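Worksheet for the structure shown next.
Predicted model, so just to flag it, every value in this text is computed and none were measured.
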Amino acid sequence: MSKITRRTVVKGALAVGAAAHTFKIPAPVAQAAPLKVGFLTIKTGPLASGGLQMEQGVTLFFKERGMKLAGRAVEVHTADTGGNPAQARTKTQELVERFGVHVLIGPLAAFEALAIDDYIRSSKTPILTVAGAEDMTQRKPNPWLVRASATSSQPSH
């Protein structure tokens, strides 16, 4: 009969640990909570037609994907900024603090984006915007902002 030593047990445990790390054996994971998306748009006032089209586009995007991103359920919370910088800031705070959104989309207008810039920085809430406020990406870049559109000054150049 062979004798099992402490050294043999330690070597075996190390081998099992190395194998688990090498083969990336997954641990059971609980179902993730829904991803909460805050959507800032303009539904009233002179810029409402653009804001309503943005809302239709975002709604279509998520519906085509079964209200999921990467297999995770998505909840969209929409807020009407009315094209008013003060209201844009209030609605942004409401989405982040009251509804607990994880990420923001919007706003439409550059003056609204500039009004919420300091709040986005302090709350560290990621935002995807089409607002052409170049100060937020060039002169004083906001690390929480991604702009997927042109700047306001590009047509002038």
If I take atom [atom1] from residue [X] and atom [atom2] from residue [Y], how far apart are they, to the nearest 0.5 angstrom?
X	Y	atom1	atom2	result
Asp80	Ile42	CG	CD1	8.0 Å
Leu52	Thr41	CG	OG1	6.5 Å
Leu95	Thr90	CG	OG1	11.0 Å
Leu114	Lys140	CG	NZ	8.0 Å
Ile127	Tyr119	CD1	OH	11.5 Å
Phe61	Ile105	CZ	CD1	8.0 Å

Test side chain to side chain donor-acceptor pair (under 3.5 Å) applied to [X] - qualifying residues, sequence neighbours left out:
X	value
Ser123	Thr125
Asp117	Arg121, Asn142
Gln93	none
Thr92	none

Can you sort out the partners of Lys43 under salt bridge (Lys or Arg N to Asp or Glu O under 4.0 Å), two or more places apart, ordered by chain and number?
-> Glu55
Contact summary for [X] and [Y], nearest pair of heavy atoms:
X	Y	answer
Gly83	Phe111	O-CE1, 3.1 Å
Leu47	Ala109	CD1-CB, 4.2 Å
Glu112	Pro107	OE1-CB, 3.4 Å
Gly82	Gln87	N-NE2, 4.0 Å
Phe99	His77	CD2-ND1, 3.7 Å

Is there a side-chain contact between Ile116 and Leu40 (heavy atoms, below 4.5 Å)?
-> yes
Is there a path of hydrophobic side-chain contacts, each under 4.5 Å between heavy atoms of I, L, V, M, F, W or Y residues, that connects Val103 with Leu69?
-> yes
Show the numbers, then the answer: is there a side-chain contact (heavy atoms from CB on, under 4.5 Å) between Glu75 and Val101?
-> CA-CA 9 Å; Glu75 291 178 10; Val101 299; over 6 Å; no
Between the main-chain N or O of Gly106 and the side-chain N or O of Thr129, is there a donor-acceptor pair closer than 3.5 Å?
-> yes
Working for side-chain contact (heavy atoms from CB on, under 4.5 Å), residues Met54 and Leu108 | CA-CA 8 Å; Met54 277 179 60; Leu108 173 64; 3.4 Å; yes
Not counting sequence neighbours, list each pair that qualifies as a salt bridge (charged side-chain N to carboxylate O under 4.0 Å, His left out) and has a residue in residues 86-105.
-> Arg89-Asp118, Lys91-Glu94, Glu94-Arg98
